[in-house]
> 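First the structure, then my questions, so here it is.
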Amino acid sequence: MNIQENVKNTIVTAINQGLVTAIENGELPKPNADMDIKSLIYPEVPKDTTHGDFACNIAMVLAKTFSMAPRKIAEAIVSNLPKCEDIEKVEIAGAGFINFYLTNNWLYSTLEAIENQGEAYGKIDLGKGKKVMVEFVSANPTGPMHMGNARGGALGDCLASVLEYAGYDVTREFYINDAGNQIEKFGKSLNARYIQLLKGEDAIEFPEDGYQGEDIAEHAKAFIEINGDKHLNMSENERKQALIDYALEKNIVALKADLEKYRIHYDVWFRESTLHESGEVKRAIDKLKENGYTYEEDGAIWLNCEKMGMEKNEVLVRQNGIPTYFAADIAYHMNKLETRKFDWAINVWGADHHGHVARMKNALGAVGIEPSRLDVVLMQLVRLMQNGEVARMSKRTGKSITLSDLLVDISVDAARFFFNLRSAGSHLDFDLTLAAEQSNDNPVFYVQYAHARICSILRLLKEEGTDVKAFSDVKVELLKEPDELSLLKKLCDLPEEIKMAAESLEPSRITRYVMELATCFHSFYNSCRVKVDDTELMNARLKLIDSTRIVIAGVLKMLKITAPEKM
RNA sequence: GCGCCUGUAGCUCAGCUGGAUAGAGCAACUGCCUUCUAAGCAGUAGGCCAAGGGUUCAAGUCCCCUCAGGCGCACCA
């Protein structure tokens, strides 16, 4: 049950009825028969609370249609509004706003909803059980994860949680790029380090475009410790393959471990190589051929993107017969949307891949899949700073800075919260030095502190024999201080916030919501005491803060952040 | 050159299908702990919403143009 939505519906119905009556009375002109006036009625929460609980601009919207002054229209509507016990008073203000002041009953019923639903409060049925896959991070398995993956991880994981709350059947997936060029490069790099370790630095030249990181040499060294030098006599291809098989598995295990530490658990780890082995890549290309979107040139097979209104054509199969990443990606999305029958696929990509979005969607259209079934959340890249300067390498270790390095300096709670503070589209500078120094300033502690404070009061009162009462035994109407009401209002907002976060694919809304909720609580805490002589009032406030505790804990759990009872 | 993203307080960012006086946090300043956790609260100050045009009763929000920054434009992924 979404209380706010119900209240809005009540108001829409009332306004609509007022309109209809006014038209019947002849106080307002008759609109065209095909005009759906009801759909134009949008009550919204005014920024300024003195403008009522909900405001509606319908009179201004209809001014032109009716050729009347907005205030006149508003007066006609208001004088014909049906009686409604939830509406305390209605005022016409400003240019023609109709402001609704409601009784507090709807706010009080929030406490009942929280009691009934517990930590599930806030869940809605926007998704109606539709199957959606969120694919995120999908970091290159040739090395450890960087700061961008840290942001993408927090973003994707929380987006998945938000969609779960919104009623979708969500699968989290990691796409392992264990095929293609970068694996080839990985193999060449490993091979070079392997030979250098056994036969000396000068025995083989390190590939120009190879992976320079120390982790490559470490893999080669560990490989030698296990297998000795027996691979030296094999063909280069056999040796490379053995090295790749060994190092890739190690890397994947490390990726899994790092992500688990970051509290991200995937339902599926999907390997690109399986798409090649199963023939799905070939089938995707055949399908494109069949539908007339391919042609051959210079010995390569091309996708005719110009035919789909795009500027540039793309290679699907190289001259050497090896399919491109793009071809595999088309097969992958066919696998998601056709083979595995997901209704909706969401990918979290770094903004540097934005050029790929339109191509991918068009390619889906070309194989007969509705492109709107794929959404891509583009995340702006993280620019890593250290001591106020742009940093590429960690000054401490000399290696590039990884997710695990980050988690040495700041807590998982702080990292997840920080990376979900801003919308995906905002460019982000991340100063590791500052983050480590000021981790106490991280707003996550502000929210956790609110939770701990509530727990502390509950503990104290419990020791004195006072427990939280059931909603039906509490005189909630005693809650009427401004800070009590704004806290109630904020609690009431959660389902609506979930809805907006899900619709806009912006989990950062929820992070900001829970901060605002904490603000409401802290204000309440400073202006109203819970432990007061008036037992009825104490019980009402106790109910209020316990409900707040449940909501904060629930939201933090959704974001996979701990909710400490003491700080 | 073409395309995508961004530009709002000193700094980092919100601003919901256009709505009433543009909001937070940090930094600065002033108050509030013998009473439930001061990791908190209340308040002051800080703005030509990058510049210019347009649409509208109404523009930070929509359209056009310019400027600045980031990122793309491979038989890489």
Side-chain angles (χ1 to χ4, degrees), chain A residues 40 42 44-48 50-51 55-57 60-61 63-64 69-70 93-97 99 138 140 142 177 179-185 209 272 297-302 311-312 314-326 328-329 350-358 378 380-381 383 421-429 431 438 440-450 452-461 464 483 496-497 499-501 503-504 506 508-509 512 515-516 518-519 521-532 538 541-542 545 566-567:
Chain A
L40 300 175
Y42 272 105
E44 55 179 27
V45 181
K47 282 178 221 158
D48 185 341
T50 63
H51 292 136
C56 187
N57 65 350
M60 278 110 93
V61 174
K64 196 155 216 176
F97 291 100
N99 294 339
S138 297
N140 199 323
T142 54
N177 295 122
N181 243 321
Q182 90 276 8
I183 292 295
E184 183 58 25
K185 216 157 76 176
D209 59 346
E272 181 189 346
E297 196 178 285
D298 302 330
I301 300 175
W302 292 72
E311 278 188 13
K312 251 172 56 341
E314 296 289 330
V315 172
L316 290 170
V317 182
R318 299 185 186 95
Q319 205 172 27
N320 62 13
I322 297 171
T324 59
Y325 169 85
F326 184 40
D329 220 14
D352 53 340
H353 287 67
H354 73 258
H356 193 52
V357 177
L378 289 175
Q380 290 300 321
L381 302 174
R383 191 166 58 165
L421 219 43
R422 285 154 205 168
S423 66
S426 73
H427 298 260
L428 188 62
D429 282 352
D431 193 317
Q438 307 184 343
N440 267 357
D441 288 340
N442 191 304
V444 73
F445 297 106
Y446 179 79
V447 176
Q448 291 177 321
Y449 184 56
R453 263 184 155 177
I454 296 171
C455 290
S456 168
I457 301 173
L458 293 173
R459 224 168 18 238
L460 183 90
L461 288 177
E464 297 181 359
D483 285 325
E496 199 62 17
E497 286 291 340
K499 185 177 170 215
M500 284 193 280
E503 282 171 347
S504 57
E506 272 294 359
S508 62
R509 291 192 71 101
R512 289 192 296 270
M515 282 170 65
E516 286 165 14
T519 299
F521 169 74
H522 286 308
S523 295
F524 160 82
Y525 180 89
N526 275 272
S527 68
C528 303
R529 281 184 62 81
V530 176
K531 193 182 158 188
V532 287
M538 178 173 73
R541 288 184 172 165
L542 198 51
I545 66 163
K566 284 181 184 173
M567 279 177 80

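Naming: A, B, ... by sequence-line order, numbering from 1 per chain.
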> Under 4.0 Å, heavy atoms only, any strand: does Q380(A) hit a base, just the sugar-phosphate, or nothing?
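Sugar-phosphate: the residue Q380(A), judged by heavy atoms under 4.0 Å, touches backbone atoms but no base.
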
> For A69(A), which contact category applies under a 4.0 Å heavy-atom criterion: base, sugar-phosphate, or nothing?
nothing

> Side-chain N or O of S523(A) versus OP1/OP2 of rA42(B): is the shortest distance under 4.0 Å?
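Checking S523(A) against rA42(B): at least one side-chain N or O falls below 4.0 Å of OP1 or OP2.
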
> With RNA chain B as reference, determine whether L421(A) or K312(A) sits nearer its 5' end, using the nearest nucleotide of each.
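Counting from the 5' end, the first nearest nucleotide belongs to L421(A).
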
> Is rG46(B) paired to anything, Watson-Crick or G-U wobble with both distances less than 3.5 Å, and if yes, which nucleotide?
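With both distances under 3.5 Å required, rG46(B) matches none.
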
> Between rU37(B), rA14(B), rA77(B), which nucleotide has the shortest distance from any of its atoms to the side chain of I457(A)?
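Side chain of I457(A) sits closest to rU37(B).
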
> When all nucleic acid strands are considered with a 4.0 Å heavy-atom cut-off, which category describes N57(A): base, sugar-phosphate, or nothing?
base

> Counting only side-chain N and O atoms of K566(A), is one of them less than 4.0 Å from OP1 or OP2 of rU37(B)?
no

> May I ask which nucleotide in the shown strands pairs with rC2(B), Watson-Crick or G-U wobble, both distances under 3.5 Å?
rG72(B)

> rA20(B), rA42(B), rG40(B): which one has an atom nearest the side-chain heavy atoms of Y446(A)?
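Output: rG40(B).
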
> Would you mind calling rC33(B) syn or anti? Take O4'-C1'-N9-C4 for purines or O4'-C1'-N1-C2 for pyrimidines, and syn is within 90° of 0.
syn

> Could you tell me whether the phosphate oxygens of rG15(B), OP1 or OP2, come under 4.0 Å of any side-chain nitrogen or oxygen in R422(A)?
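For rG15(B), OP1/OP2 do not have a side-chain N/O of R422(A) under 4.0 Å.
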
> Among the candidates rA14(B), rA77(B), rG19(B), find the nucleotide nearest to the side-chain atoms of R512(A).
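Nearest to the side chain of R512(A) among the choices is rA14(B).
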
> Between rU35(B) and rG40(B), how far is it from one C1' atom to the other, in whole Å?
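The answer is 16 Å between these two C1' atoms.
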
> Using the C1' atom as the point on both nucleotides, what is the distance between rG18(B) and rG54(B), in whole Å?
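These two C1' atoms come out 15 Å apart once rounded.
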
> How many Å lie between CZ on R509(A) and P on rG15(B), as a whole number?
6 Å

> K64(A) side chain: which of rC75(B), rC57(B), rA38(B) is closest?
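Nearest nucleotide to the side chain: rC57(B).
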
> From the options rG40(B), rA77(B), rA39(B), select the nucleotide whose nearest atom is closest to the side chain of H522(A).
rG40(B)

> To the nearest Å, how far apart are K47(A) NZ and rA14(B) P?
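Those two atoms, NZ and P, are 16 Å apart.
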
> Report which part of the nucleic acid A328(A) touches: base, sugar-phosphate, or nothing (heavy-atom distance under 4.0 Å, all strands).
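The answer is nothing, as A328(A) stays clear of every strand by at least 4.0 Å.
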
> Would you call K531(A)-E464(A) a salt bridge at under 4.0 Å N-O?
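A salt bridge links K531(A) with E464(A).
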
> In whole Å, measure the gap between the C1' atoms of rA58(B) and rU17(B) for me.
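Between the two C1' atoms, the distance is 16 Å.
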
> Under 6.0 Å from the six-membered ring centre of F521(A) and within 45° of its axis: does the NZ or CZ of R453(A) meet both?
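Checked: cation-pi criterion not met.
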
> Counting heavy atoms not belonging to E311(A), are there more than 12 under 6.0 Å from its CD?
no

> Given rA39(B), rG40(B), rC36(B), identify the nucleotide with an atom nearest to the side chain of F445(A).
rA39(B)

> Across all strands, who's sitting opposite rU12(B) as a Watson-Crick or G-U wobble pair, both distances under 3.5 Å?
rA24(B)

> What is the distance, rounded to the nearest whole Å, between atom CG of D431(A) and atom P of rC26(B)?
18 Å

> Check for me: is Y449(A) stacked on rG40(B) by the 5.5 Å centroid and 30° plane-angle rule?
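Stacking between Y449(A) and rG40(B): absent.
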
> Rounding to an integer number of angstrom, what distance separates rU12(B) and rA27(B) when you compare their P atoms?
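These two P atoms come out 15 Å apart once rounded.
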
> Which is true for C528(A) with a 4.0 Å heavy-atom rule: it touches a base, it touches only sugar-phosphate, or it touches nothing?
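Base contact.
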
> Which nucleotide, if any, forms a Watson-Crick or G-U wobble pair with rC41(B), using both distances under 3.5 Å?
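Across any shown strand, rC41(B) pairs with rG31(B).
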
> Hey, does the side chain of R453(A) come within less than 4.0 Å of rA38(B)'s phosphate (OP1/OP2), counting only N and O?
yes

> With a 4.0 Å cut-off on heavy atoms, is S527(A) in touch with a base, just the backbone sugar-phosphate, or nothing at all?
nothing

> Choosing from rC13(B), rA14(B), rC36(B), which nucleotide comes nearest the side chain of V530(A)?
rC36(B)

> Assign D209(A) to base, sugar-phosphate, or nothing according to its heavy-atom contacts below 4.0 angstrom with the strands shown.
nothing

> Over how many whole Å does the gap from R529(A) atom CZ to rC33(B) atom P extend?
14 Å

> What's the closest nucleotide to the side chain of D352(A) if the choices are rC16(B), rG72(B), rA77(B)?
rG72(B)

> Is there a side-chain contact between I545(A) and Y525(A) in this structure, where contact means two heavy atoms from C-beta onward sitting under 4.5 Å apart?
no

> May I ask which nucleotide in the shown strands pairs with rU56(B), Watson-Crick or G-U wobble, both distances under 3.5 Å?
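Matched rU56(B) with nothing under the 3.5 Å cut-off.
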
> Could you tell me how far apart M515(A) (CE) and rU12(B) (C1') are, to the nearest whole angstrom?
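Interatomic distance, CE of M515(A) to C1' of rU12(B): 11 Å.
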
> Remember a base hit wins even if backbone is also touched, and classify A300(A) as base, sugar-phosphate or nothing at under 4.0 Å, heavy atoms.
base

> On the 0 to 90° scale, with breaks at 30° and 60°, tag the H356(A)-F326(A) ring pair as parallel, tilted or perpendicular.
perpendicular

> Using atom P in both nucleotides, what's the gap between rC5(B) and rC41(B) to the nearest angstrom?
37 Å

> Within the structure, does a side-chain N or O atom of N526(A) lie under 4.0 Å from either OP1 or OP2 of rC41(B)?
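Answer is no, no contact under 4.0 Å.
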
> Can you tell me the distance, in whole Å, between the NE2 atom of H354(A) and the C1' atom of rC73(B)?
8 Å

> Write down the distance between NE2 (H51(A)) and P (rA22(B)), rounded to a whole number of angstrom.
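Taking atom P of rA22(B) as the reference, NE2 of H51(A) is at 12 Å.
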
> Classify Y525(A) by what it touches in the nucleic acid, base, sugar-phosphate, or nothing, heavy-atom distance under 4.0 Å.
base

> In whole Å, what separates the C1' atom of rU34(B) from that of rU44(B)?
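Pairwise C1' distance, rU34(B) against rU44(B), rounds to 30 Å.
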
> Would you mind pulling out the nucleotide paired to rC67(B), Watson-Crick or G-U wobble, both distances under 3.5 Å?
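Result: rG7(B).
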
> Using a cut-off of 4.0 Å on non-hydrogen atoms, how would the nucleic acid contact of E311(A) be classed: base, sugar-phosphate, or nothing?
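Sugar-phosphate, no base atom in range.
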
> Return the nucleotide paired to rG18(B): Watson-Crick means purine N1 to pyrimidine N3 with N6-O4 or O6-N4, wobble means G-U with N1-O2 and O6-N3, both under 3.5 Å.
none

> Could you work out the separation of rA68(B) and rA28(B) based on their C1' atoms and round it to a whole Å?
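Approximately 29 Å lies between the C1' atom of rA68(B) and that of rA28(B).
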
> Are any non-hydrogen side-chain atoms of I457(A) and R541(A) less than 4.5 angstrom apart?
no

> So what does S426(A) touch, heavy atoms closer than 4.0 Å: a base, only the sugar-phosphate, or nothing?
sugar-phosphate

> Of the nucleotides rG15(B), rC75(B), rA20(B), which has the atom closest to the P46(A) side chain?
rA20(B)

> Between atom CG in L428(A) and atom P in rC13(B), what is the gap in whole Å?
7 Å

> Quick one: do K499(A) and E497(A) make a salt bridge, cutoff under 4.0 Å?
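Looking at K499(A) and E497(A), the cut-off is not met.
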
> Could you give the distance separating rA59(B) and rC48(B) at their C1' atoms, to the nearest angstrom?
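Each nucleotide's C1' atom is 15 Å from the other's.
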
> As a test of reading the structure: which of rU37(B), rA20(B), rA77(B) is closest to the side chain of A452(A), going by heavy atoms?
rU37(B)

> Does S423(A) have a side-chain nitrogen or oxygen under 4.0 Å from the phosphate oxygens OP1 or OP2 of rA14(B)?
yes

> Which sits closer to the 5' end of RNA chain B, D429(A) or N99(A), going by the nucleotide each is nearest to?
D429(A)

> Please determine, by modelled atom types, if S527(A) and D483(A) share a side-chain donor-acceptor pair under 3.5 angstrom.
yes

